[in-house]
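Inspection log for the structure reproduced underneath, given as structure tokens.
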Amino acid sequence: MKNKSLVSIQDYSKEEILRILDLAAEFEKNPHQRLLEGYVIASLFFEPSTRTRLSFESAVNRLGGRIIGFSEAGTSSVSKGESLKDTILTVANYSDLIVMRHPIEGSARYASEVSPVPIVNAGDGANQHPTQTLLDLYSIKSTQGKLEDLNIFLVGDLKYGRTVHSLMMAMTHFNPVFHFVAPEELKMPVEYKSYLDNLGIQYYEHTDFTDYIDNADIVYMTRVQRERFSDPMEYEKVKNVYILKNEMLKNTRENMRVLHPLPRVNEISEDVDNNPKAYYFTQALNGVYTRMAIITSILGIK
Ligand code: CP
């Protein structure tokens, strides 16, 4: 893992994933370690973010490192026409590792190919969000006590949702049964289903989930992402297609947990928030421990 960019969750083997989760557990027990003193991490966000950017910043600050960067491209020389390559080559002079979110699929891979310092993909378009996946796995393991043999429901925007694409790929190491719940317009793309077919992983597709949710170990809700639609009318048709309500959880498994990468819009009713099965805000906290583990592993400190 040392000096290796993290662009796709497939860049990590099962053993490497499990090592990050073990390290994250160590950081959860003891988050105040000055391991990053003298290190500078760059945070380049070409797209909006609350959790990813701030949990990376929190992780670096708590470990005694420094963070530089921008939270919107408009405040950087990208607004003057500077290329991604020139931006990366410049920022690499100032930092030991670059965390980058960018709207274009493949941008993180390209950045990793030109950068002399490791790149961590904080989301590239509808493609991948591997650090979110690692914190999702950490959350699943923390709540279920294991990652193997779970019934995982992925609900909402399965077409453009980079978090579900990354999570689905990572979970294939652990013999899951997937339930994909999406309207026709937002179904899981065929290439991801072929990926599962080739591995012999079971999955079912539904347009509604009320009849099946009682069998779930994890219900992973996602937002229908307005910013990925070129036609606003198409977004209007599907924006409120699934709304999880508290009453829908009454016969679900005791240990079932509701996850969501957040932000939510309407897809989880606020009456779910006080249900002990709602885990999404703790999931966001787990992002700090997981990102501590990712950064220190890549820098070769842990
Ligand atoms: N989960 C996630 O990526 O949230 P942000 O867009 O707020 O970073």
Answer yes if the side chains of Asn151 and Asn215 hold a donor-acceptor pair under 3.5 Å, and no otherwise.
-> no
Please go through Ile119's hydrophobic cluster and name the other residues, only I, L, V, M, F, W, Y counting, with side-chain heavy atoms under 4.5 Å joining them.
-> Leu44, Phe46, Phe70, Val78, Leu84, Ile88, Val91, Ile98, Met100, Tyr110, Val114, Val117
Closest approach of Ala182 to Tyr242 (non-hydrogen atoms, all atoms of both residues) = C-OH, 3.1 Å
Exercise: identify the closest heavy-atom pair between Met188 and His165 | SD-CD2, 3.9 Å
Is the NZ atom of Lys146 crowded by more than 12 outside heavy atoms at less than 6.0 Å?
-> yes
Residue set satisfying salt bridge (Lys or Arg N to Asp or Glu O under 4.0 Å) with Lys4, at least two apart, ordered chain then number -> Glu16
Note: Val7 and Gln128 closest approach over all heavy atoms is O-CB, 3.9 Å
Basic-acidic side-chain contact under 4.0 Å: Glu15, Arg19 | no
Non-hydrogen atoms of Ser95 and Ile41 that approach each other most closely = CB-C, 4.4 Å
Qualifying residues under salt bridge (Lys or Arg N to Asp or Glu O under 4.0 Å), relative to Glu47, sequence neighbours excluded = Arg162, Arg228
Do NZ/NE/NH1/NH2 and the carboxylate oxygens of Lys250 and Glu247 come within less than 4.0 Å?
-> no
Any donor-acceptor pair under 3.5 Å linking the side chain of Ser55 with the backbone of Arg51?
-> yes
Are Glu205 and Lys193 close enough for a salt bridge, meaning some N to O gap below 4.0 Å?
-> yes
Compare every heavy atom of Asn61 with every heavy atom of Arg34, then report the nearest pair and how far apart it is.
-> NH1-O, 4.2 Å
What closest approach, in Å, do Pro176 and Met171 show between heavy atoms, and which atom pair accounts for it?
-> CD-O, 3.1 Å
So, do Ile218 and Tyr279 sit near enough that their side-chain heavy atoms are less than 4.5 Å apart?
-> no
Counterpart residues, salt bridge (Lys or Arg N to Asp or Glu O under 4.0 Å), relative to Asp217 (two or more places apart) = Arg253
Applying side-chain hydrogen bond (donor to acceptor under 3.5 Å, both in side chains), which residue pairs with at least one partner in residues 293-302 are found, sequence neighbours left out?
-> Glu26-Lys302
For His179, the option from Phe209, Tyr204, Tyr220 that meets ring pair (Phe, Tyr, Trp, His ring centres under 6.0 Å) | Tyr204
Going by distance alone, is a donor N or O of one side chain under 3.5 Å from an acceptor N or O of the other, for Arg101 and His129?
-> yes
Using the test salt bridge (Lys or Arg N to Asp or Glu O under 4.0 Å), find all partners of Glu82 that sit at least two apart in sequence or belong to another chain.
-> none
Pairing of Arg264 and Asp273 as salt bridge, 4.0 angstrom limit = yes
Determine, step by step, whether Thr172 and Tyr195 satisfy the side-chain contact (heavy atoms from CB on, under 4.5 Å) criterion, reporting the C-alpha distance in whole Å, the side-chain angles of both residues, the deciding distance to 0.1 Å, and the verdict.
-> CA-CA 9 Å; Thr172 60; Tyr195 183 81; 4.1 Å; yes
